[in-house]
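Heads up, the thing below is written out as structure tokens.
Note that these values count all heavy atoms, side chains included, but never hydrogens, waters or copies made by symmetry. Naming convention: chains lettered A, B, ... in sequence-line order (proteins, then strands); numbering from 1 in each chain.
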Protein chains: 2
Amino acid sequence: MRADAQRNYDRIVSAASEAIARDGAEASLEAIARSAGVGSATLHRHFPSRWSLMEAVFAERVDCLFDRAEELRDAPEPLDALVRWLREVAAYATTTRGLAAALLNGPPEESSTCQAHLIAAGDSLVRRAVEAGAVRGDVATADLLTLVNAISLAAQQAGPEEAERLVTLMLEGVLVRQG
Amino acid sequence: MRADAQRNYDRIVSAASEAIARDGAEASLEAIARSAGVGSATLHRHFPSRWSLMEAVFAERVDCLFDRAEELRDAPEPLDALVRWLREVAAYATTTRGLAAALLNGPPEESSTCQAHLIAAGDSLVRRAVEAGAVRGDVATADLLTLVNAISLAAQQAGPEEAERLVTLMLEGVLVRQG
DNA sequence: CCCTAAGTGGGGTGGTACCCCATTTTGATG
DNA sequence: CATCAAAATGGGGTACCACCCCACTTAGGG
């Protein structure tokens with residue numbers, strides 16, 4: 001990749017990051033190109049679809065969550081580690097407007113990179129929690145992340161604390177515990 | 001309301017219903033007006049915002065769920081009634097593309113009519129289930145509906161059976177039951 | 001230094017939401 | 001039944017969007 005192409009790529013991702021934080025997942029690509037000081041054609045060549053741009057923007061965030069999962073993997077309390085990580089995922093998805101929407105509503109193939117990365121990160125935490133007897137064995141990491149993302153999407157206008165409350169409710173369950 | 005205005009109103013809602021079922025919540029208003037045999041200005045006068053049209057389209061469905069709740073209110077098993085009703089809500093929201101999105105992502109005031117109607121419908125079922133000792137007392141009907149809608153939205157591309165699975169998971173909880 | 005291939009962005013196309021206003025239609029009244 | 005003012009209508013206009021074509025520019029290896 002030529003140096004100028006790389007420079008423009010970075011500028012676009014940076015501008016898109018700001019625009020999405022401000023306007024959500026439906027931010028105008030034209031405006032992003034403009035604020036990056038780049039023609040719209042350049043943006044569309046680097047990122048053929050809206051989702052590919054999303055993915056580039058969120059890759060950094062997802063990497064961060066991935067690293068966080070590795071940190072928590074050796075925490076003393078497996079359940080605590082998992083719950084804490086899921087809360088961080090929810091917080092990221094709720095505050096970074098559009099992340100949840102991108103992960104859930106994006107075309108299957110195109111949003112799978114982020115999704116797969118996140119699932120890989122969460123998997124070890126889930127497995128440890130299951131082995132510790134704190135989490136049901138028939139729970140898939142993908143399900144957990146889908147639910148957390150769904151909640152984040154639903155609570156986007158209510159705020160992060162509402163999302164956290166709903167995540168807790170989901171983990172504990174609605175039905176009374178009958179042993 | 002004049003007779004012709006009423007006729008056009010009905011035509012628009014009918015066309016919108018089809019379009020949303022086919023194309024989802026982002027269906028083109030212009031196309032809806034066209035297929036209703038009506039100018040776009042007429043559509044925009046009757047429905048100032050996209051959400052107001054959504055509301056009109058979904059009102060029928062929501063009424064149906066409301067009636068269903070009343071039917072189930074006197075069912076012998078309160079928990080069974082509640083679970084069945086929530087599954088029906090999920091099924092409606094998943095199949096009627098856009099219902100979930102409309103209820104969750106719509107502006108607070110504009111989507112509140114549907115939401116309020118649904119909460120009112122579910123409330124009696126939740127209360128009965130709580131009194132029967134089957135559901136936690138600190139669970140709000142609104143939370144339940146938010147979660148069900150969130151799941152529906154998340155499972156929209158996966159299908160109704162996936163949504164049902166996730167609803168069950170949410171109700172039972174992810175953590176192991178420790179009495 | 002030069003030349004070629006990669007990269008660029010202005011401008012075009014076709015689509016969208018939403019609004020203005022001249023024209024038509026309705027239905028209550030004389 | 002004829003009249004007519006108010007209500008309703010929709011064509012056309014504006015502004016914006018995603019996406020694409022293609023003449024021009026620039027990087028960087030020989």
Side-chain angles (χ1 to χ4, degrees), chain A residues 1-58 97-99 101-102 105-111, chain B residues 1-58 97-99 101-102 105-111:
Chain A
M1 191 185 237
R2 245 168 64 174
D4 53 347
Q6 180 67 54
R7 202 195 58 217
N8 278 341
Y9 184 99
D10 292 342
R11 281 177 150 205
I12 291 169
V13 171
S14 166
S17 181
E18 287 179 30
I20 287 173
R22 189 177 53 250
D23 305 326
E26 302 300 314
S28 157
L29 300 182
E30 212 80 3
I32 289 171
R34 225 177 300 128
S35 83
V38 146
S40 66
T42 301
L43 185 149
H44 283 285
R45 200 167 341 93
H46 280 301
F47 306 98
S49 77
R50 178 174 222 100
W51 300 115
S52 62
L53 176 55
M54 288 278 198
E55 208 170 310
V57 169
F58 295 139
R97 303 175 40 140
L99 213 195
N105 294 339
E109 344 72 54
E110 303 205 49
S111 58
Chain B
M1 195 184 233
R2 247 167 60 174
D4 54 345
Q6 181 69 53
R7 203 195 57 218
N8 278 340
Y9 183 100
D10 292 343
R11 281 176 149 205
I12 291 169
V13 171
S14 167
S17 181
E18 286 178 31
I20 287 173
R22 189 177 55 249
D23 306 326
E26 303 300 314
S28 157
L29 300 183
E30 214 78 4
I32 290 171
R34 226 178 299 127
S35 83
V38 145
S40 65
T42 301
L43 185 148
H44 284 284
R45 201 169 338 94
H46 280 301
F47 306 99
S49 76
R50 177 174 222 98
W51 301 115
S52 61
L53 176 56
M54 289 278 199
E55 209 170 309
V57 169
F58 294 140
R97 302 176 39 142
L99 214 195
N105 294 339
E109 342 73 51
E110 304 203 49
S111 58

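Sorted by first and then second residue, the ring-ring contact (aromatic ring centres under 6.0 Å, His included) pairs involving residues 1-23 of chain B (not counting sequence neighbours) are B:Tyr9-B:His46, B:Tyr9-B:Phe47. Residue pairs meeting the salt bridge (charged side-chain N to carboxylate O under 4.0 Å, His left out) criterion with at least one member in residues 3-14 of chain A, sequence neighbours excluded, are A:Arg2-A:Asp4.
Near DNA chain D, meaning a heavy atom under 4.0 Å away, the residues from residues 2-23 of chain B are B:Arg2, B:Asp4, B:Ala5, B:Asn8. Scanning residues 29-44 of chain B for heavy-atom distances under 4.0 Å to DNA chain C yields B:Leu29, B:Glu30, B:Arg34, B:Ser40, B:Ala41, B:His44.
Among all heavy-atom pairs drawn from B:Ile12 and B:Leu53, the shortest one is CG2-CD1, 4.0 Å. When all heavy atoms of A:Ala36 and A:Ala15 are compared, the closest pair comes out as CB-CB, 3.8 Å. For the pair B:Asn8 and B:Val38, the tightest heavy-atom approach, listed with the atom from each and the gap, is OD1-CG2, 3.5 Å.
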Which atom pairs, one a donor and one an acceptor, fall under 3.5 Å between side chains of residues 16-29 of chain A and the rest of the protein, sequence neighbours left out?
| from | atom 1 | to | atom 2 | distance (Å) |
| --- | --- | --- | --- | --- |
| A:Ser28 | OG | A:Glu30 | N | 3.3 |
| A:Ser28 | OG | A:Ala31 | N | 3.0 |

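Put simply, chain B comes within 4.0 Å of DNA chain C, heavy atom to any atom, from C:dT16 to C:dG27, going 5' to 3'. Nucleotides of DNA chain D lying under 4.0 Å from heavy atoms of chain A occupy a range whose first and last members, 5' to 3', are D:dC17 to D:dG28.
In this structure, A:Arg45 reaches the bases: a heavy-atom distance under 4.0 Å links it to at least one base atom across the strands shown.
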